[in-house]
S.K.: 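Structure provided below as structure tokens; questions to follow.
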Amino acid sequence: MSSEKRIDKAIKNGIVLPLCKCSRYVAFSDCHRGTGNMSDNFLRNQHLYFAALEHYYSEGFFYLELGDGEELWENRCFGQIQECHNNVYRKFECFRQRGRFCKLFGNHDMELKKELPESIILKNQEGGRDICMIHGHQADFFNSVCWRLSRFLVRYLWKPLEQFGVNDPTSAARNYKKVQKYELAMVEAAEKKNIYLFAGHSHRPHLVNGALYVNTGSCVHPWGITAIEIEHMKMNLVKWFMGTKKDGTLYVQREVLEEGAPIL
């Protein structure tokens, strides 16, 4: 099956949500929440992420997570991840109780596919294009069709070597040629279908006015976390990071990297 057919299949298995002028959505991806050990890349940004969650909850945003929320290639037990990051899952429950929560599975949490949808469709009620959200591994043969082999290599080979600074060459986030190939496939799919195609997977945030392919980035960057906000039928790419006041006090800061791309 080609990447185009895998993307088509994912979109057909989606949950449909309304998109209008009063909609407020925020999309995150690739949190890779772990068990709090040395391999848990989410740990360094957990305070930024939770501050962002508090903000979006209080401001009435609908929380969307586009896969790889949990790191289940390096870890076997979802319960241990929930226990380690219980503040996050408690806040998720708050979103869920208010009907403002939807989460997809990705290749690193493929074990959750029986519980989670593969895509989210924001149905445009203002006459413009719909927004289709997937994790993005569908455009990556090795991490979709061969995900069990990829998981085996990560769990038993690259995870131990990572502690010595060896990067996983199968990862779309750490292989520039794979990123280029992946992004080209996503751009072609979005343009062919004439939809906005949101994804994560590559960890490389992308929002350009007029472009149909959008990427949320990730929550495991060394310098902070990124997300896509949708409000007033416009899209913002935002970054959350540690800022410094004049007196040396540290605080969590939100910065808009790309602002006001209209949904047409």
Side-chain angles (χ1 to χ4, degrees), residues 24-75 81-82 84-92 94-95 100-109 120 133-137 162 167 171-174 179 183 198-208 213-231 235-244 250-259 261:
R24 306 184 90 187
Y25 291 101
V26 60
F28 285 91
S29 183
D30 295 270
C31 295
H32 293 275
R33 291 179 290 269
T35 58
N37 56 22
M38 291 179 60
S39 299
D40 189 349
N41 294 321
F42 177 72
L43 271 182
R44 61 174 169 246
N45 290 333
Q46 62 177 334
H47 56 294
L48 301 175
Y49 178 79
F50 194 74
L53 278 188
E54 292 279 19
H55 168 80
Y56 292 120
Y57 179 75
S58 64
E59 292 297 316
F61 278 79
F62 193 117
Y63 179 88
L64 304 171
E65 189 167 276
L66 309 189
D68 283 6
E70 285 74 40
E71 179 49 71
L72 292 175
W73 280 11
E74 295 183 1
N75 308 288
I81 296 174
Q82 288 181 306
C84 179
H85 301 293
N86 62 84
N87 60 332
V88 169
Y89 293 97
R90 285 199 304 267
K91 183 56 67 174
F92 282 176
C94 293
F95 276 100
R100 292 160 36 198
F101 183 87
C102 191
K103 178 180 175 182
L104 304 180
F105 69 86
N107 53 305
H108 278 255
D109 49 12
I120 298 166
M133 299 182 171
I134 60 176
H135 175 62
H137 63 282
E162 185 181 29
N167 287 332
S171 170
R174 297 175 178 175
V179 169
E183 291 182 341
F198 278 45
H201 189 58
S202 69
H203 293 201
R204 189 157 85 163
H206 182 269
L207 177 64
V208 176
Y213 164 62
V214 179
N215 197 295
T216 56
S218 84
C219 295
V220 294
H221 290 292
W223 43 260
I225 67 177
T226 56
I228 298 290
E229 298 173 354
I230 299 173
E231 190 175 12
M235 301 174 283
N236 294 328
L237 171 62
V238 299
K239 176 177 75 170
W240 292 80
F241 63 103
M242 292 303 299
T244 308
L250 296 175
Y251 69 104
V252 177
Q253 181 174 347
R254 171 185 169 276
E255 177 184 354
V256 179
L257 301 178
E258 297 290 340
E259 182 174 14

S.K.: Looking at H221 and T226, would you say the former's side chain and the latter's main chain have a donor-acceptor pair under 3.5 Å?
M.R.: no
S.K.: Report the C-alpha distance between E65 and Y63 in whole Å, list the side-chain angles of each, state the deciding distance to 0.1 Å, and finish with yes or no for side-chain hydrogen bond (donor to acceptor under 3.5 Å, both in side chains).
M.R.: CA-CA 7 Å; E65 189 167 276; Y63 179 88; 2.4 Å; yes
S.K.: Nearest 0.5 angstrom please: Q253 CD to L48 CG, how far?
M.R.: 11.0 Å
S.K.: Are I225 and K239 close enough that some pair of their side-chain heavy atoms sits under 4.5 Å apart?
M.R.: no
S.K.: To the nearest 0.5 Å, what is the distance between CG on N75 and CG on D109?
M.R.: 11.5 Å
S.K.: Flag the pair F42 / Y49 as yes when their ring centroid distance falls below 6.0 Å, and as no otherwise.
M.R.: yes
S.K.: Decide yes or no for I230 and V26: does some side-chain heavy atom of the first lie under 4.5 Å from some side-chain heavy atom of the second?
M.R.: no
S.K.: Answer whether the closest heavy-atom distance between the side chains of V214 and I228 falls below 4.5 Å.
M.R.: yes
S.K.: Under the side chain to side chain contact (heavy atoms under 4.5 Å, CB included) test, which residues partner S29, sequence neighbours left out?
M.R.: L66, H135, T216
S.K.: Is it the case that the ring center of H201 lies less than 6.0 angstrom away from the ring center of H108?
M.R.: no
S.K.: Hey, does Y251 have a side-chain heavy atom less than 4.5 Å from the side chain of M242?
M.R.: no
S.K.: Can you list everything that forms a side chain to side chain contact (heavy atoms under 4.5 Å, CB included) with A261? Sequence neighbours excluded, please.
M.R.: L207, N209, M235
S.K.: Do Y25 and E231 get their side chains close enough for a donor-acceptor pair, meaning under 3.5 Å?
M.R.: no
S.K.: To the nearest 0.5 Å, what is the distance between CG (L43) and CG (N37)?
M.R.: 8.0 Å
S.K.: Please report the shortest heavy-atom distance between S202 and E183, naming the atom on each side.
M.R.: OG-OE2, 4.4 Å
S.K.: Cation over ring, K91 on Y57, under 6.0 Å and within 45°?
M.R.: yes
S.K.: Looking at E229 and R24, does any basic side-chain N land under 4.0 Å from a carboxylate oxygen?
M.R.: no
S.K.: Is any side-chain heavy atom of K103 closer than 4.5 Å to one of E70?
M.R.: yes
S.K.: Check this for me: does any side-chain nitrogen of one of R33 and E71 sit under 4.0 Å from a carboxylate oxygen of the other?
M.R.: no
S.K.: Compare every heavy atom of V220 with every heavy atom of C31, then report the nearest pair and how far apart it is.
M.R.: O-CG1, 3.4 Å
S.K.: I would like to know whether F101 and F92 meet ring pair (Phe, Tyr, Trp, His ring centres under 6.0 Å); could you show each step before the answer?
M.R.: CA-CA 7 Å; F101 183 87; F92 282 176; 4.9 Å; yes
S.K.: Is M133 close to L64 at the side-chain level, that is, under 4.5 Å between some pair of heavy atoms?
M.R.: yes
S.K.: To the nearest 0.5 Å, how far apart are SG in C84 and OH in Y89?
M.R.: 9.0 Å
S.K.: If you take all heavy atoms of L237 and N215, which pair is closest and at what distance?
M.R.: CD1-O, 4.5 Å
S.K.: Side chains of D30 and H203: donor-acceptor distance under 3.5 Å anywhere?
M.R.: yes
S.K.: So, does D68 use its side chain to make a donor-acceptor pair with the main chain of N107 at under 3.5 Å?
M.R.: yes
S.K.: Looking at NE2 of H32 and CG of N45, how far apart are the two atoms once the value is rounded to the nearest 0.5 Å?
M.R.: 12.0 Å
S.K.: Calculate, to the nearest 0.5 Å, the distance between atoms OG1 and CD1 belonging to T35 and I81 respectively.
M.R.: 7.0 Å
S.K.: Ring centroid separation for F28 and W240, is it under 6.0 angstrom?
M.R.: no
S.K.: Please check this pair: side chain of R100 against backbone of F61, looking for a donor-acceptor N/O pair closer than 3.5 Å.
M.R.: yes
S.K.: Is the shortest side-chain heavy-atom distance between N236 and E258 below 4.5 Å?
M.R.: no
